[in-house]
Amino acid sequence: MEKKVRVRFAPSPTGGLHLGGVRTVLYNYLFAKQHNGTFVLRIEDTDQTRFVEGAEEYIQECLKWCGLEPDESPLSGGPYAPYRQSERKEMYRQYAEQLVTQGNAYYAFDTPQELEAMREKFKSEENPSPQYGHGIREKMRNSLTLPADEVSHLLSGGAQHVIRIKMPEDETITFTDMIRGEVSFNSSLTDDKVLLKADGMPTYHLAVVVDDYSMKITHAFRGEEWLPSAPVHVLLWKYLGWMEEMPEWAHLPLILKPDGHGKLSKRDGDRLGFPVFAMNWKDAKNEEVTTGFRELGFLPEAFINLLAVLGWNDGTEQELFTIEELVEKFSLTHVHKGGAKFNYEKAKWFNHEWIKKYKVEGLRQKVKEVFAANGLEAYDDEKLDVVIELVKDRCTLLTDFWQQASFFFMAPETIDVASVKPKWNEDKAMFFDILSEKLVLLEEWNVADIETLFKETAAEKGIKMGELQLPFRIMLVGGKFGPTVFDIAELIGKKETIERIRKGLSLLS
RNA sequence: GGAGCGUUGGUCAAGGGGUUAAGACACCUCCCUUUCACGGAGGAAUCACGGGUUCGAUUCCCGUACGCUCUACCA
């Protein structure tokens with residue numbers, strides 16, 4: 001009988017939630033849902049020096065926005081609580097001690113200064129970063145080199161110490177990665193990683209295996225950057241006697257910078273002008289706000305969609321997927337091995353497609369929020385629906401609705417005079433003057449009648465339609481954008497149309 | 001330096017011993033529209049390199065190059 005699928009996303013609460021992080025969540029989520037499994041959120045807060053207030057809440061909020069909520073988490077609890085590593089502190093020591101007793105780990109008393117000195121001393125051209133491992137551990141101050149009575153004396157005296165794994169010499173460690181297939185490493189190449197820090201907290205290496213074991217995780221997804229330390233984890237599963245329960249690994253490809261190479265970072269976003277975090281993140285230290293995809297006007301569905309296909313595809317030409325389709329179609333065999341450069345233009349394309357795909361009802365509230373954010377609160381809701389339908393095809397981001405739709409509800413504050421002025425003349429001024437007079441007398445206010453009147457008047461004055469439409473547009477909306485001018489005129493109404501023409505006329509003359 | 005992982009147009013990518021090597025974004029041209037989009041029709045552009053294996057390699061194998069990740073009491 002197959003075990004019930006359990007996966008986890010285990011971020012450190014150190015700041016904004018990065019694109020790569022959300023994609024890891026997504027793949028976890030899709031895999032879990034696809035197998036009727038459980039998705040757990042575990043907070044890896046073992047490094048109190050990097051802990052950031054509010055980051056955990058922020059992560060939960062991001063997952064909520066994305067629609068990728070965990071089944072078990074610090075917030076909602078679950079059968080394997082607690083879900084914060086800091087609250088699980090006690091259990092790690094016991095396993096670390098067990099490893100010492102078994103001879104797979106040892107106490108190390110070296111100070112940071114001594115470690116630094118060691119690295120300096122053994123540093124050479126061929127080996128720029130000497131490792132605390134076989135060959136060097138014999139020269140350090142640890143329970144392998146010190147006499148037993150001195151070790152117990154140090155321990156009982158409360159001497160600062162860590163517990164390190166004792167990496168075996170020249171052993172080949174092999175495991176199967178669901179994406180990469182069989183991967184092997186030579187154990188001599190990895191150093192004796194610290195398992196338990198001097199403050200009693202576990203490092204990631206110990207914590208991840210103890211927690212994955214105790215939370216019965218069956219499949220572990222993480223970024224490719226973890227591949228080199230995977231042998232340490234595999235060894236730990238083995239030494240702790242849990243090999244049978246070790247999860248299947250999947251090391252996900254990285255999301256790369258759009259230009260050049262390397263992991264995408266927040267700095268790249270700042271530098272190139274696109275978001276990297278799911279939602280706005282405010283740095284507590286300098287109050288600096290980093291804009292997120294949500295606030296920039298992305299739909300969560302689009303955000304998820306673009307992340308899903310960054311490194312995965314279903315083998316067909318389909319690019320637009322709902323979350324339900326993703327759950328159904330996602331497959332690790334179609335996950336790329338190589339990293340993918342992030343392309344913001346394409347990301348926006350996804351959002352554009354999703355806006356077009358959305359029904360007015362779904363967009364309504366979101367557009368209202370955009371309006372509210374710009375200080376527009378009072379308007380006719382029925383008219384708003386009509387407007388949304390009319391302009392949504394030309395909105396790439398939700399925030400574009402401000403430019404594309406606000407002029408239906410309020411006259412433009414400024415108009416783009418410069419676009420009209422060069423070709424402006426007395427005849428045109430006269431045309432609009434006459435037009436406004438005629439509009440006053442127009443009985444039926446609809447697109448057809450307005451357009452007819454406009455054309456007739458243009459013909460009377462002998463001016464080409466095209467010459468007049470741009471100035472008309474500028475008067476009504478303020479700039480070179482928006483739907484057909486006559487649609488706009490009908491929607492904003494007779495009085496408003498005439499007022500805007502008159503105002504435009506005064507600004508142009 | 002070492003190890004691991006990777007490499008199909010500018011970008012995301014399908015494919016995989018024999019194909020005119022899909023598709024999307026971006027770019028260019030044209031149509032539609034005398035706004036901006038949407039939409040439509042075209043175009044340019046790719047298998048990193050060198051050896052094998054093979055009747056035949058983009059595909060399999062080995063090298064090389066390049067890139068990335070790791071090499072912390074950070075995750």
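Chain A is the first sequence line, chain B the second, and so forth, proteins listed ahead of strands; every chain is numbered from 1. The structure presented is a predicted model; accordingly, all values stated were derived computationally and were not measured.
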Between [M] and [N] - [atom1] atom distance, rounded Å:
| N | M | atom1 | result |
| --- | --- | --- | --- |
| B:rC60 | B:rC66 | C1' | 22 Å |
| B:rA14 | B:rC47 | C1' | 13 Å |
| B:rU7 | B:rA48 | P | 9 Å |
| B:rG67 | B:rC61 | C1' | 23 Å |
| B:rC68 | B:rU53 | P | 35 Å |
| B:rG51 | B:rA65 | C1' | 14 Å |
| B:rC31 | B:rG6 | P | 49 Å |
| B:rU46 | B:rU8 | P | 14 Å |

Next on the checklist: Could you check whether A:K346 makes a cation-pi contact with A:W349, meaning its NZ or CZ is under 6.0 Å from the centre of the six-membered ring and within 45° of the ring axis?
Outcome noted: yes
Checklist entry - Given the rule that a pair is Watson-Crick or G-U wobble with both distances under 3.5 Å, how would you write RNA chain B in dot-bracket, using | for pairs to a different strand? => result (((((((..(((.....[....))).(((((.......)))))....(((((..]....))))))))))))....
Item to check | side-chain N/O A:N313 vs B:rA14 OP1/OP2, d < 4.0 Å | outcome: yes
Grab the [atom1]-[atom2] distance between [X] and [N] for me, whole Å please.
| X | N | atom1 | atom2 | result |
| --- | --- | --- | --- | --- |
| A:K123 | B:rG2 | NZ | C1' | 15 Å |
| A:E171 | B:rA3 | CD | C1' | 17 Å |
| A:F274 | B:rU11 | CZ | C1' | 12 Å |
| A:D393 | B:rU35 | CG | P | 17 Å |
| A:D268 | B:rU11 | CG | P | 16 Å |
| A:M167 | B:rA3 | CE | P | 16 Å |
| A:N305 | B:rA24 | CG | P | 16 Å |
| A:F185 | B:rA3 | CZ | P | 12 Å |

Checklist entry - Pick one: which of A:E225, A:H18, A:K257, A:E224 meets side-chain contact (heavy atoms from CB on, under 4.5 Å) with A:K263? => result A:E225
Mind checking side chain to side chain contact (heavy atoms under 4.5 Å, CB included) for [X] and listing every partner two or more places apart, or none if nothing turns up?
| X | result |
| --- | --- |
| A:T316 | A:D314, A:Q318 |
| A:A411 | A:E496, A:R500 |
| A:D191 | A:Q131, A:K193 |
| A:M178 | A:H219, A:F221, A:E248, A:A250, A:L332 |

May I ask you to say what [X] touches in the nucleic acid, namely base, sugar-phosphate or nothing, with a heavy-atom cut-off under 4.0 Å?
| X | answer |
| --- | --- |
| A:V477 | nothing |
| A:P483 | base |
| A:T396 | nothing |

Item to check | Distance, nearest 0.5 Å, that separates OG1 of A:T46 from OH of A:Y204 | outcome: 10.5 Å
Item to check | Distance in Å, A:E319 CD paired with A:L306 CG, rounded so as to fall on 0.5 Å steps | outcome: 11.0 Å
Next on the checklist: Syn or anti for B:rC49, given that syn means the glycosidic angle lies within 90° of 0?
Outcome noted: anti
Keeping to residues at least two apart or across chains, list the salt bridge (charged side-chain N to carboxylate O under 4.0 Å, His left out) pairs with something in [range].
| range | answer |
| --- | --- |
| residues 349-358 of chain A | A:E353-A:K356 |
| residues 163-174 of chain A | A:E171-A:K238 |
| residues 473-488 of chain A | none |

Checklist entry - When the aromatic ring centroids of A:F472 and A:F454 are compared, is their separation below 6.0 Å? => result yes
Next on the checklist: Please confirm whether the ring centroid of A:F321 lies under 6.0 Å from the ring centroid of A:W312.
Outcome noted: yes
Item to check | Per-nucleotide protein contact string for nucleotides 62-75 of chain B, where B marks a base within reach and S marks sugar-phosphate only (heavy atoms under 4.0 Å, - for neither) | outcome: -----SSSSB-BBB
Checklist entry - Could you run down nucleotides 42-50 of chain B 5' to 3' and tag each one B, S or - for protein heavy-atom contact under 4.0 Å? => result ---------
Answer yes when [X] and [Y] have at least one side-chain N-carboxylate O distance shorter than 4.0 Å, and no when they do not.
| X | Y | answer |
| --- | --- | --- |
| A:R88 | A:E90 | no |
| A:R84 | A:D45 | no |
| A:R394 | A:D400 | no |
| A:D259 | A:K341 | no |

Item to check | Closest heavy-atom pair and its distance - A:R180, A:D177 | outcome: N-OD1, 2.9 Å
Checklist entry - Near RNA chain B, under 4.0 Å by heavy atom, which residues of residues 330-358 of chain A? => result A:H334, A:H336, A:K337, A:G338, A:A340, A:K341, A:N343, A:E345, A:K346, A:W349, A:H352, A:K356
Checklist entry - For residues 17-28 of chain A, which residues have at least one heavy atom under 4.0 Å from RNA chain B? => result none
Next on the checklist: Please compare A:R394 and A:E126 by the position of their nearest nucleotide in RNA chain B and report the one closer to 5'.
Outcome noted: A:E126
Checklist entry - Given that A:S184 and A:G479 both sit by RNA chain B, which one's nearest nucleotide is further toward the 5' end? => result A:S184
